[in-house]
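Quick one: the structure is below, questions incoming.
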Amino acid sequence: MRLECRESPRTRMNIQVRPASMSDIPRLRELIEASVRGLQAEDYSPAQIEAALQSVYGVDSQLIMDETYFVAEALDSRGKLTIAGCGGWSRRKTLYGGDQYAAREDSLLNPDHDAAKIRAFFVHPDWVRRGIGGVILEACENAAREAGFKRLEMGATLSGVAFYRAKGYAAIEKLEVPLGNGEMLPILKMTKEFRESASQVPFGNAK
């Protein structure tokens, strides 16, 4: 798929969003480490960041196999197509955590009463504030809606809360994620409901 970023005239650019593949994993690992170390230092201590990279943050290969994880590619200063960001959604119960996270729950959700999960969003520090995250999030929300989900939820890092609030998500619960070195990683559980469009309202209920 190909989407165009429309954040503002100053930042408008073409961004190619496509499903991630297993061959992307080495580049995704590099991007995730750069994103976490470069963008989360104001919200988490070095000990929290390094422990989270070892035990929580990381590539979730299940999302890639489910074809619900996306990468955003854009041209760098040398004209080379590079992965500028990544993120996904999930029809599985796990709220957060990559392959190395021990407390994963990969059972399938029911769209009739469960919320799809927004998962593992990371943008490279060189590409922040260019609409990358917004374009990936739009792709995820559209795909989850098409799969029949009516609600979304996520475990947002403190660094991402302002972005998700701007996109219509509301914080509902504070969570503490245990890390391998005894530290805790505070995050916020956030949720968003899809608004029913006019075309989805039964004719007899239209006003």
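Keep in mind the model is a prediction, meaning the values are calculated, not measured.
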For Tyr44 versus Thr157, what's the shortest heavy-atom pair and its separation? OH-CA, 3.5 Å
With a 4.5 Å heavy-atom cut-off, do Ile187 and Leu158 have their side chains touching? no
Would you tabulate the side-chain donor-acceptor contacts of residues 172-180 under 3.5 Å, counting partners in other chains and residues two or more places apart, or write 'none'?
none

Hey, are the side chains of Ser35 and His124 touching, using non-hydrogen atoms and a 4.5 Å cut-off? no
Salt bridge or not for Arg91 and Asp106, using N-O below 4.0 Å? no
4.5 Å side-chain heavy-atom contact, Glu73 and Thr82: no
What do the steps show when you test Lys192 against Glu153 for salt bridge (Lys or Arg N to Asp or Glu O under 4.0 Å), and what is the final call? CA-CA 6 Å; Lys192 176 180 178 178; Glu153 65 183 20; over 6 Å; no
Just jot down the ring-ring contact (aromatic ring centres under 6.0 Å, His included) partners of Tyr101, sequence neighbours excluded, or say none. Tyr96
Taken in chain and number order and not counting sequence neighbours, the residues that satisfy salt bridge (charged side-chain N to carboxylate O under 4.0 Å, His left out) with Lys150 are none
With a 4.5 Å limit on heavy-atom distance, are the side chains of Glu141 and Leu152 in contact? yes
Cationic N near anionic O, under 4.0 Å, Lys167 to Glu138: no
Establish whether Ile136 and Val71 are linked, either directly or via other cluster members, by ILVMFWY side-chain heavy-atom contacts under 4.5 Å. no
Answer yes if Val123 and Leu53 sit in the same cluster of Ile, Leu, Val, Met, Phe, Trp and Tyr residues linked by side chain heavy atoms under 4.5 Å apart, and no otherwise. no
If I take atom CD1 from residue Ile83 and atom CG from residue Leu31, how far apart are they, to the nearest 0.5 angstrom? 7.0 Å
Closest non-hydrogen atom pair, Ala116 against Trp89: CB-CE3, 4.0 Å
With a 4.5 Å heavy-atom cut-off, do Trp127 and Asp76 have their side chains touching? yes
What is the minimum heavy-atom distance between Ile32 and Cys86, and which atoms define it? CG1-SG, 4.5 Å
Beyond-backbone contact of Ile64 with Ile25, side-chain heavy atoms, under 4.5 angstrom: yes
Heavy atoms of Ala72 and Ile132 approach each other most closely as CB-CG2, 3.9 Å
Restricting to non-hydrogen atoms, name the atom on Phe163 and the atom on Gly133 that form the minimum distance, rounded to 0.1 Å. CZ-C, 3.6 Å
Using a 4.5 Å cut-off on heavy atoms from C-beta on, say whether the side chain of Thr94 contacts that of Ser90. no
What pairs with Tyr164 under side-chain hydrogen bond (donor to acceptor under 3.5 Å, both in side chains), at least two apart in sequence or on another chain? none
Are Ile49 and Val56 in one and the same hydrophobic cluster, where Ile, Leu, Val, Met, Phe, Trp and Tyr link if side-chain heavy atoms are under 4.5 Å apart? yes
What one should report as the nearest heavy-atom pair of Val17 and Ala139 is CG1-CB, 4.2 Å
Could you check if a side-chain atom of Phe70 sits within less than 4.5 angstrom of a side-chain atom of Val135, using non-hydrogen atoms only? no
Taking only residues at least two apart or on different chains, which pairs with a member in residues 54-67 satisfy side-chain hydrogen bond (donor to acceptor under 3.5 Å, both in side chains)? Gln40-Tyr57, Asp60-Arg104, Asp60-Arg119, Ser61-Asp99, Gln62-Asp66, Asp66-Arg92
Separation between CE of Met154 and OH of Tyr169, rounded to the nearest 0.5 Å: 4.5 Å
ring-ring contact (aromatic ring centres under 6.0 Å, His included) filter on Tyr69, not counting sequence neighbours, yields none
When you check the gap from the basic side-chain N to the acidic O, do Glu33 and Arg29 get nearer than 4.0 Å? no
In one Ile/Leu/Val/Met/Phe/Trp/Tyr side-chain cluster, 4.5 Å: Leu39, Ile118: yes
Testing the 3.5 Å rule here: is there a donor-acceptor pair between the side chains of Asp43 and Ser159? yes
Please check if Phe122 and Leu81 belong to a single hydrophobic cluster, counting links between Ile, Leu, Val, Met, Phe, Trp and Tyr side chain heavy atoms closer than 4.5 Å. no
